[in-house]
Asker: 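Take a look at the following structure, please.
One-based numbering, in listed order, for ligands and for the atoms of each. Residues: numbered from 1 along the sequence shown.
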Amino acid sequence: MLTLHPEVSAALAAGHAVVALESTVFSTLGLPAPANAEALERCLAAVRRNGAVPALTAVIDGRPCVGVDPADHERILTGTAKVAERDLGVAVGLGWPVGCTTVSASVALAHAAGVSVFATGGIGGVHRGAEHTGDVSADLDALARHPVVTVSAGAKAFLDLARTLEDLETRSVPVLGFGTDEFPAFYARSSGLRVPHRVEDAAAVAAIARSRWALGGGGLLVANPIPHADELPEEAAALAGALADAEAAGVRGAAVTPFVLGRIAEATEGRSVPANLALAEHNAAVAATIAVELARLQPAG
Ligand code: PSU
Ligand code: MN
């Protein structure tokens, strides 16, 4: 059922480092073209440069894929169907031509394939106003249940970051600040919210993950701040407008995140996109170093 790319299955069999990547962020639902293609190339290259094999996740012609052949990359870049974990069975069962996997679907596929490190830009979380709408991303539950290390630049500030952190605590997901005491806010290094634990390097993350899994635990979130030089200070203004637009347009459910991301990209024209690419690439690089450390601790066999 699960379709592993030959390079991915060979790496796993040999006990080499592998890093899973989601596909929603590279599709029409994440970044605008042509930045989405650049983001994909830079993330794949960053994983390789740091000693791991990239495994892009997606549903292609009804097959749940871990590792997508470059010949199919264009189909992901132009993909319009968002697949969260609950949608995986639908996309596979009905043979969808292209399903773009979110964080929740990607960590589920990664775990099923035996891949223990995953990189994204920003995770989904508790939406502002969730006390009324109940809109809490399935990413949080998937992070808790699947024993995979997720590397993310925190979460975008259009979410309720304080409640997102509370939710991660409730679900027993350790949040590790990578060289930081704060939960990063995607375009900004600082959110004013403290993370419970700070780690200084990939070896520490690997040691914590291995211990957590030895005790039967689930996923871990590594909060990796955007590099200083790439920070985007003006996000807050764009954000308020984007949220107001979503409310006025009556956007609900799975459509909220793509809608708000699109509005922020429009409002910050030419500035949010390079920041987004830089942090995604940085996360992919850090994820690869963690995967290399884990492979060192967990020899094949
Ligand atoms: N945050 C971003 N960019 C993204 C997403 C989140 O900054 O592209 C995508 C990811 O695929 C994430 C999904 O898993 O949105 C969350 O969607 P929702 O809020 O509907 O759970
Ligand atoms: Mn939602």
Asker: Please classify the D139 to ligand 1 contact at 4.0 Å (heavy-atom distances, strictly less than): side chain, backbone, both or neither.
Answerer: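 The side chain, only.
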Asker: I'd like to know if D141 pairs up with R171 as an ion pair, taking the criterion as any Lys NZ or Arg NE/NH1/NH2 lying under 4.0 Å from an Asp or Glu carboxylate oxygen.
Answerer: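 Yes, charged N to carboxylate O under 4.0 Å.
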Asker: Answer with yes or no whether the side chains of T102 and S104 bring together a donor and an acceptor at under 3.5 Å.
Answerer: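 Their side chains do contain a donor-acceptor pair, which is all the 3.5 Å distance test asks for.
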Asker: So which heavy atom in the protein is nearest atom 6 (C) of ligand 1, and how far is it from that ligand atom?
Answerer: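 Result for atom 6 (C) of ligand 1: G122 O, 3.5 Å.
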Asker: Going by atom types only, do E22 and T101 share a side-chain donor-acceptor pair under 3.5 Å?
Answerer: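 No, T101 and E22 have no side-chain donor paired with an acceptor closer than 3.5 Å.
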Asker: Just which atoms of ligand 1 are under 4.0 Å from any heavy atom in F186?
Answerer: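 The list of qualifying atoms is 7 (O).
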Asker: Where do L220 and L176 land on the side chain to side chain contact (heavy atoms under 4.5 Å, CB included) test, with the steps shown first?
Answerer: CA-CA 8 Å; L220 302 87; L176 310 176; 4.2 Å; yes
Asker: Which protein non-hydrogen atom lies closest to atom 2 (C) of ligand 1, naming both residue and atom, and how far is it?
Answerer: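 Ranking protein heavy atoms by distance from atom 2 (C) of ligand 1, first comes K156 NZ, 3.3 Å.
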Asker: Passes side chain to side chain contact (heavy atoms under 4.5 Å, CB included), V66 versus T3? Steps please.
Answerer: CA-CA 6 Å; V66 178; T3 304; over 6 Å; no
Asker: If only atom types and distance count, is the side chain of D160 paired as donor or acceptor with the main-chain N or O of R163 below 3.5 Å?
Answerer: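 Here the side-chain-to-backbone pair exists.
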Asker: Using a plain distance cutoff, I'd like to know if S104 has any nitrogen or oxygen under 3.5 Å from a nitrogen or oxygen of ligand 1.
Answerer: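 N/O-N/O distance below 3.5 Å does not exist for this pair.
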Asker: For atom 11 (O) of ligand 1, what is the nearest protein heavy atom, given as residue, atom name and distance?
Answerer: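 Result: E22 OE1, 2.6 Å.
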Asker: Using a strict cut-off of less than 4.0 Å between a Lys/Arg side-chain nitrogen and an Asp/Glu carboxylate oxygen, indicate whether R145 and E85 qualify as a salt bridge.
Answerer: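 The answer is yes: the pair qualifies as a salt bridge.
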Asker: In ligand 1, which numbered atoms sit nearer than 4.0 Å to a non-hydrogen atom of V25?
Answerer: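 So the atoms of ligand 1 that pass are 8 (O).
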Asker: Tell me the closest heavy-atom pair linking H111 and P147, and the distance in Å.
Answerer: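 Heavy atoms of H111 and P147 come nearest at CE1-CG, 3.4 Å.
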Asker: Please step through salt bridge (charged side-chain N to carboxylate O under 4.0 Å, His left out) for the pair R75 and D69, ending with a clear verdict.
Answerer: CA-CA 11 Å; R75 299 176 69 189; D69 201 80; over 6 Å; no
Asker: Any nitrogen or oxygen of V103, main chain or side chain, under 3.5 Å from a nitrogen or oxygen of ligand 1?
Answerer: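 Looking only at distances, the answer is yes, because the N/O contact criterion of under 3.5 Å is met.
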Asker: Looking at the Mn ion (ligand 2), which N/O/S atom of D135 is the nearest one?
Answerer: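 It is OD1, the N, O or S atom of D135 closest to the Mn ion (ligand 2).
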Asker: For atom 17 (O) of ligand 1, what is the nearest protein heavy atom, given as residue, atom name and distance?
Answerer: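 I find the closest protein heavy atom is K82 NZ, 3.2 Å.
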Asker: With a 4.5 Å heavy-atom cut-off, do H228 and R189 have their side chains touching?
Answerer: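 Yes, close enough: below the 4.5 Å cut-off.
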Asker: So which protein heavy atom does atom 19 (O) of ligand 1 come closest to, and at what separation?
Answerer: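 Its nearest protein heavy-atom neighbour is T257 OG1, 2.6 Å.
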Asker: Just heavy atoms, cut-off under 4.0 Å: does L261 contact ligand 1 by side chain, backbone, both, or neither?
Answerer: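 The side chain, only.
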Asker: So for ligand 1, is T101 a polar contact partner (N or O within less than 3.5 Å, distance only)?
Answerer: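 No: no nitrogen or oxygen of T101 is under 3.5 Å from one in ligand 1.
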Asker: Within ligand 1, which atoms have a heavy atom of H127 less than 4.0 Å away?
Answerer: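 By the 4.0 Å cutoff, the relevant atoms are 19 (O).
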Asker: Which residue holds the protein heavy atom closest to atom 21 (O) of ligand 1, what is that atom called, and what is the gap in Å?
Answerer: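 Protein heavy atom at minimum distance: S137 OG, 2.6 Å.
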